[in-house]
Amino acid sequence: MERRDKFSVLLPTYNEKDNLPIIVWLLVKAFTESGNDFEIIVIDDGSPDGTLDVAKQLQTNYGDKKIVLRPREKKLGLGTAYIHGIKHATGNFVVIMDADLSHHPKFIKEFIGKQKEKDYDLVSGTRYSGNGGVYGWDLKRKIISRGANYVTQVLLRPGASDLTGSFRLYKKEVLEKLVQSCKSKGYVFQMEMIIRARQFGFSIGEVPISFVDRVYGESKLGGNEIFQFAKGLLYLFATT
């Protein structure tokens, strides 16, 4: 009998106390309805707003097999959050997504379906093909995001339509290898993951998603991020 798939969702959080109960509820609902085994690993980076207390309450509600808490003392960045999270993941697949409700768990079922089609190594949610889209962004954000994506396509030819998205499904061992090979931090990190995946010859499937901008809290993309993105892009261009 073949081993039943299990999906470990890595949820890095920082000041997401309002969003966490909603995203967890939606995740539990999505996995329960699709009949897939799952766990949600919350990696809180020392949020001052009490996110961890909320996570503990959710663990009481749903049980510690479903909600796994792996907090860290302070904000250490996305890449290291994934490395930290993977160590504790018991699933053979890992889902990465944002906890701020910009990614709707309803798409995970489509990711899983897509992965099975051709046994893809990773499936990426894309805002830029099919009926994918972005909601709640002003024109400036849309132009920056599209522009960043376009420049990356031209320079790096990655073979995927959305590089800076952070809603993806990976085979666990593929994610482990990619995370270890990535040097970038922050916004560029997601992009480097796709570029490295292409280098290693991993297969990439795509599912159109609708991305909804943060419901609560502050958006994380500012002038400094754009500068870091440009710097990271040049680094990748020079090293790949």
### Task
Show your working on side chain to side chain contact (heavy atoms under 4.5 Å, CB included) between I209 and K106 and close with a plain yes or no.
CA-CA 10 Å; I209 59 164; K106 69 182 179 189; over 6 Å; no
### Task
Check K6, K65, K66 against E39 for a salt bridge (charged side-chain N to carboxylate O under 4.0 Å, His left out) and give me the one that passes.
K6
### Task
Give a yes or no on whether the backbone of S47 and the side-chain of T51 come within a donor-acceptor separation of less than 3.5 Å.
no
### Atom of W25, atom of Y62 and distance for their closest heavy-atom approach
CD1-OH, 3.5 Å
### Task
Start with the C-alpha gap between R168 and M193, add the side-chain angles, then the distance that decides, and say whether side chain to side chain contact (heavy atoms under 4.5 Å, CB included) holds.
CA-CA 11 Å; R168 295 183 186 150; M193 296 274 278; 3.8 Å; yes
### Message
Can you confirm whether T13 sits close enough to I43 that some side-chain heavy atom of one is under 4.5 Å from a side-chain heavy atom of the other?
### Response
no
### Query
Where is the tightest heavy-atom contact between I41 and G85, given as atom of each residue plus distance?
CD1-O, 3.9 Å
### Query
Taking atom types as modelled and ignoring hydrogens, do the side chains of R196 and S181 form a donor-acceptor contact shorter than 3.5 angstrom?
no
### Task
Applying side chain to side chain contact (heavy atoms under 4.5 Å, CB included), run through F31 and V9 and close with a yes or a no.
CA-CA 11 Å; F31 281 114; V9 180; 3.6 Å; yes
### Task
Could you walk me through whether L122 and L169 pass side chain to side chain contact (heavy atoms under 4.5 Å, CB included), step by step?
CA-CA 6 Å; L122 74 106; L169 169 70; over 6 Å; no
### Query
Minimum heavy-atom separation for P71 to H84, with atom names?
O-NE2, 4.1 Å
### Task
Output the distance between atom NZ (K118) and atom OG (S203), rounded to the nearest 0.5 Å.
9.5 Å
### Query
Do side-chain atoms of H103 reach the backbone of D98 as a donor and acceptor pair under 3.5 angstrom?
yes
#### Entry: Which residues share a ring pair (Phe, Tyr, Trp, His ring centres under 6.0 Å) with Y120, sequence neighbours left out
none
### Query
Do Y170 and F202 make the cut of ring centroids closer than 6.0 angstrom?
no
### Query
Got a salt bridge between D121 and K171, using NZ or NE/NH1/NH2 to carboxylate O under 4.0 Å?
yes
### Short side-chain donor-acceptor distance under 3.5 Å, N19 and D100
no
### Query
Going from CD on E16 to CG on L11, what distance comes out if it is rounded to the nearest 0.5 angstrom?
9.5 Å
### Query
Taking atom NZ of K29 as the centre, does the number of heavy atoms from other residues, nucleotides or ligands within less than 6.0 Å exceed 12?
no
### Task
May I ask you to test the L175-I86 pair for a side-chain heavy-atom distance under 4.5 Å?
yes
### Query
Below 4.5 Å, heavy atoms only, C-beta onward: do I67 and K56 meet side chain to side chain?
no
### Message
Measuring from atom CE of M191 to atom OG of S166, what distance do you get when rounded to the nearest 0.5 angstrom?
### Response
13.5 Å
### Message
Within the 4.5 Å heavy-atom criterion, are V179 and F189 side-chain neighbours or not?
### Response
yes
### Message
If I take atom CG from residue L178 and atom CD1 from residue I195, how far apart are they, to the nearest 0.5 angstrom?
### Response
11.5 Å
### Task
Report yes if some heavy atom in the side chain of I108 is under 4.5 Å from a heavy atom in the side chain of L27; otherwise report no.
yes
### Query
Is there a side-chain contact between D45 and P12, using heavy atoms and a 4.5 Å cut-off?
no
### Message
With a 4.5 Å cut-off on side-chain heavy atoms, are V207 and T126 touching?
### Response
no
### Task
Validate the cation-pi geometry between K177 and F200: distance from NZ or CZ to the six-membered ring centre under 6.0 Å, angle to the ring axis within 45°.
yes
### Q57-N61 side chain donor-acceptor pair, cut-off 3.5 Å
yes
### Task
Measure the OG-CD1 distance between S124 and I194 for me, rounded to the nearest 0.5 Å.
4.5 Å
### Task
Report yes if some heavy atom in the side chain of P105 is under 4.5 Å from a heavy atom in the side chain of I23; otherwise report no.
yes
### Message
Taking R70 first and then D44, would you say they form a salt bridge - that is, a charged N and a carboxylate O separated by under 4.0 Å?
### Response
no
### Task
Could you grab the distance from atom CZ of R4 to atom CG of D37, nearest 0.5 Å is fine?
5.0 Å
### Where N15 and P48 come nearest, the two heavy atoms and their spacing
OD1-CD, 3.1 Å
### F7 and F38 aromatic centres sub-6.0 Å
no
